Each structure stands twice: as structure tokens, then as C-alpha cells.
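In what follows, a structure is listed as C-alpha cells, so that the remarks can point back to it.
Keep in mind that the numbers below use all heavy atoms, side chains included, and drop hydrogens, waters and symmetry copies. Sequential numbering from 1 along the given sequence is applied to the chain's residues. As the structure lists them, so they are numbered: ligands from 1, and atoms in each ligand from 1. All figures in this text were calculated on a predicted structure; none of them were measured in a lab.
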Amino acid sequence: MSTDNSIVLPIVDLSGYLHPKSPADKARVIAEVREACSEYGFFQVKGHGVPLDMQKALLRSLRNIFSLPQEEKLKLSFLNNPCRRGYEASGMSVREGDAMADSKEAFYIGREDPVIERPGFYGPNVWPDLAEEDFHGPVWEYYQATDKLGKMIWEILLQGLGHPPSLMEAFAKRPFVQMKMIRYPPASATLPGQYGVGAHTDFGGVTVLLQEAGREGLEVWHEGRQEWLPVPAMENMYIINCGDMIQNWSGGQYKSAKHRVINKSDHERLSCATFWHGDVGASNPLNPSDPNRETVGQLLVKRFGRQFSLSKTVVEQVRAS
Ligand SMILES: O=C(O)CCC(=O)C(=O)O
Ligand SMILES: [Fe+2]
């Protein structure tokens, strides 16, 4: 295995798609995204249209929620929520084959729907008892901005395979979009051999990931080189990656790459992932003549159970609290 991991992920400037000066600008972005997804399954974007101030306000909101007392956070446990919204404590997620649970803690929100529907996909969020400007306001504004960005990436991916962007009308009717705000404790508060997030692939559609600038930790597996590539955490630069649903639906043209997080530094690391999956009842837009009509909802249900299991002791503790 080579020790030279000087490869950096491709950087795509989305302003050519958002504000094209000619049709060639859009075509160039579509081609760059297609190449990046075929080679790495991951790329970085600038010119994405999410204001830097909005990103900073989001990160401040993460600091606010994660510094609440543990008992306050546990009252919002996602284990008690039918739509998996709310707080996940450190040590709760274990993947099959992993020796230890992830060190990260997280808070999940999704679409704001008044009633629970489609067993746990659509429903209301839970919100912490913090002032509007300290959490709900900035978080909701940010959710909507990355929802838009995720949808735009899907539109680009469709065109990369020769399909019209109009296919998004059905696919984005009522998109299932989950946002996961994450805090990784410093290395000193992590057990030996424990990962922030252990190696995994994302199970669904497009992931839009914000890393706190200068707080590295994410590594992507490059199959061809058989090595982990560290991903830089640069200001105002998003990481985009494809999940398994996209890999399967595109017949392997777009890759879903394995990745993990190790916070080796002595400060906490914050990140936020928006997972844009599509309408729960929709099927493959990347190959409209696919005979397999499995829906987003059916595919996600299959995967939820397999990839993330919660450690039994933790589940019991939280249920009893
Ligand atoms: O925090 C990160 O940089 C990545 C998180 C991640 O891979 C995930 O939550 O699926
Ligand atoms: Fe991931």
C-alpha cells in the first residue's frame, strides 16, 4: 500500500451551473461531477450558493445544543422518536464488525411534517429549549439551503447519465431529507481504537457535508489505490458524496465510497451532513427503464436495520431514563 496520499478530491465550481454564462458552463459542471463520482464517489464544491454566514450560524447552533447538560439532551433522544429525530449520545452507534461504538454525538432533524406518515419517514421534528436565534432559526434556514443544494446535485447527476432534469419533479415531490449535526470529541476523550464514525458507506442518495474549517478527520477509501485519502476541511467548501442507492441505481457508474472519521486533534470537531434521498414513494430516476421498481422508502428500510445497530446497553439505559 502506498503511503503517498497526496491526491486531493476534485473541486467543482457550481457557479457555472447556478449562473451559467453559456450552455457550455452547465455542461462542464455536469461532466466534472460525473467524472468525480465515477472515480471517487466524492468531490468538493465551491460556488454552491450557501452563504458563509449561514454556515457559521449553523456551527454556532451546534455548539449551543451540544453544550446543553447531558440530561437535557437525553430528553430529546432519537430512540424515543418514531421518525428518528433528536439526540444521539456518544457510544450509541455500532456497525457490524466494529469493535467499538462511534465516539460522535449527533442531533437529527428532517422535513417538518405535522403528522407521522409512511412509518417514521415523515413527521414533526423535536427542538431543544433554546432561543429561536440560538438554534431553531439558523438550523432551519440552513436545512432549507442544503435541501436546495442536494436537489441541485441530483439534477446534475441525472443529466450526467443523459436524463432530463424534469425527472426531478416526481423524484422531489416530497423529498425525504435528513440532516445530522455532529460533534466529535477531542482525541483525549476518545478510547484507543475508537473511531469518530467507523468505516461505512452512506446508504441513500446525495450527502452534502459541511466540515468545520481546519478541523480535519474525514478519510475516503480509494479502491484503486487501496488507501485512505484524508479530506481537507476548507472554509466555504462542501464535500458531496453518493450513497449506495445511487451506486445501485446508476449501475455502478457513480460510486458510493467507504469513509470514516478519526479526530486526531485535541479539540472537538463539528460537522453537518444533509442526506438528500428523494420522495419515499419514488423509484430509480437514474435509469427510468430499470425493471426494479423498488422505492426510496423500501431501500432505506432495508438498509437502516443492517448498517446502524444501537448498542443494547445504551438502548436500555436511555429507555429507562
Ligand atoms: O463528519 C463527517 O465528516 C462525516 C460524517 C459521515 O460520514 C456520516 O455521518 O455519514
Ligand atoms: Fe457517511
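- Evaluated for a side-chain contact (heavy atoms from CB on, under 4.5 Å) with N236, the options K46, K56, Q55 yield exactly one hit, Q55.
- Salt bridge status for R28 with D25: present, with a side-chain N to carboxylate O gap under 4.0 Å.
- Checking only distances, Q211 never comes within under 3.5 Å of ligand 1, N or O to N or O.
- For A273, no heavy-atom contact with ligand 1 is shorter than 4.0 Å.
- Look at K264 and E216 and you find no salt bridge, because none of the NZ, NE, NH1 or NH2 atoms lies under 4.0 Å from a carboxylate O.
- In this structure, of K180, K104, H259, the residue bringing a heavy atom nearest to atom 9 (O) of ligand 1 is K180.
- Proximity to S271 (heavy-atom distance under 4.0 Å) selects the following atoms of ligand 1: 1 (O), 2 (C).
- The part of L209 lying near ligand 1 is the side chain, judged by heavy-atom distances below 4.0 Å.
- Checked by atom type, the side-chain pair W276/D147 shows a donor-acceptor distance below 3.5 Å.
- Of all atoms in ligand 1, listed by their number and element, those nearer than 4.0 Å to a heavy atom of Y184 are 1 (O), 2 (C), 4 (C), 5 (C).
- Neither the backbone nor the side chain of I239 has any atom closer than 4.0 Å to an atom of ligand 1 (non-hydrogen atoms only).
- Distance check, rounded to the nearest 0.5 Å: CZ of F135 to CG of N64 gives 8.5 Å.
- Rounded to 10 degrees, the OD1-metal-NE2 angle spanning D202 and H259 at the Fe ion (ligand 2) equals 90°.
- Ligand 1 places these atoms under 4.0 Å from at least one heavy atom of I182: 1 (O), 5 (C), 9 (O).
- By the criterion of a heavy-atom distance under 4.0 Å, the side chain of F275, and not its backbone, is placed next to ligand 1.
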Hey, mind stepping through Q159 and Y17 against side-chain hydrogen bond (donor to acceptor under 3.5 Å, both in side chains) and telling me if it holds?
CA-CA 12 Å; Q159 292 170 90; Y17 189 87; 2.8 Å; yes
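- With a 6.0 Å cutoff to the six-membered ring centre and a 45° limit on the axis angle, R85 does not count as a cation-pi contact of F78.
- Using a 4.0 Å heavy-atom cutoff, V197 is absent from the residues neighbouring ligand 1.
- Residue-level proximity to ligand 1 for T207 is absent, since no heavy atom of it falls below 4.0 angstrom.
- Counting the atoms of ligand 1 from 1 in the order shown, those under 4.0 Å from a heavy atom of V261 are 1 (O), 2 (C), 3 (O), 4 (C).
- Within the 3.5 Å criterion, the main-chain N or O of S38 finds no donor-acceptor partner in the side chain of Q253.
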Test log, rule salt bridge (Lys or Arg N to Asp or Glu O under 4.0 Å), inputs E155 and K26
CA-CA 11 Å; E155 206 181 281; K26 271 192 154 183; 5.3 Å; no
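- For R260, the closest heavy-atom approach to ligand 1 does not fall below 4.0 Å.
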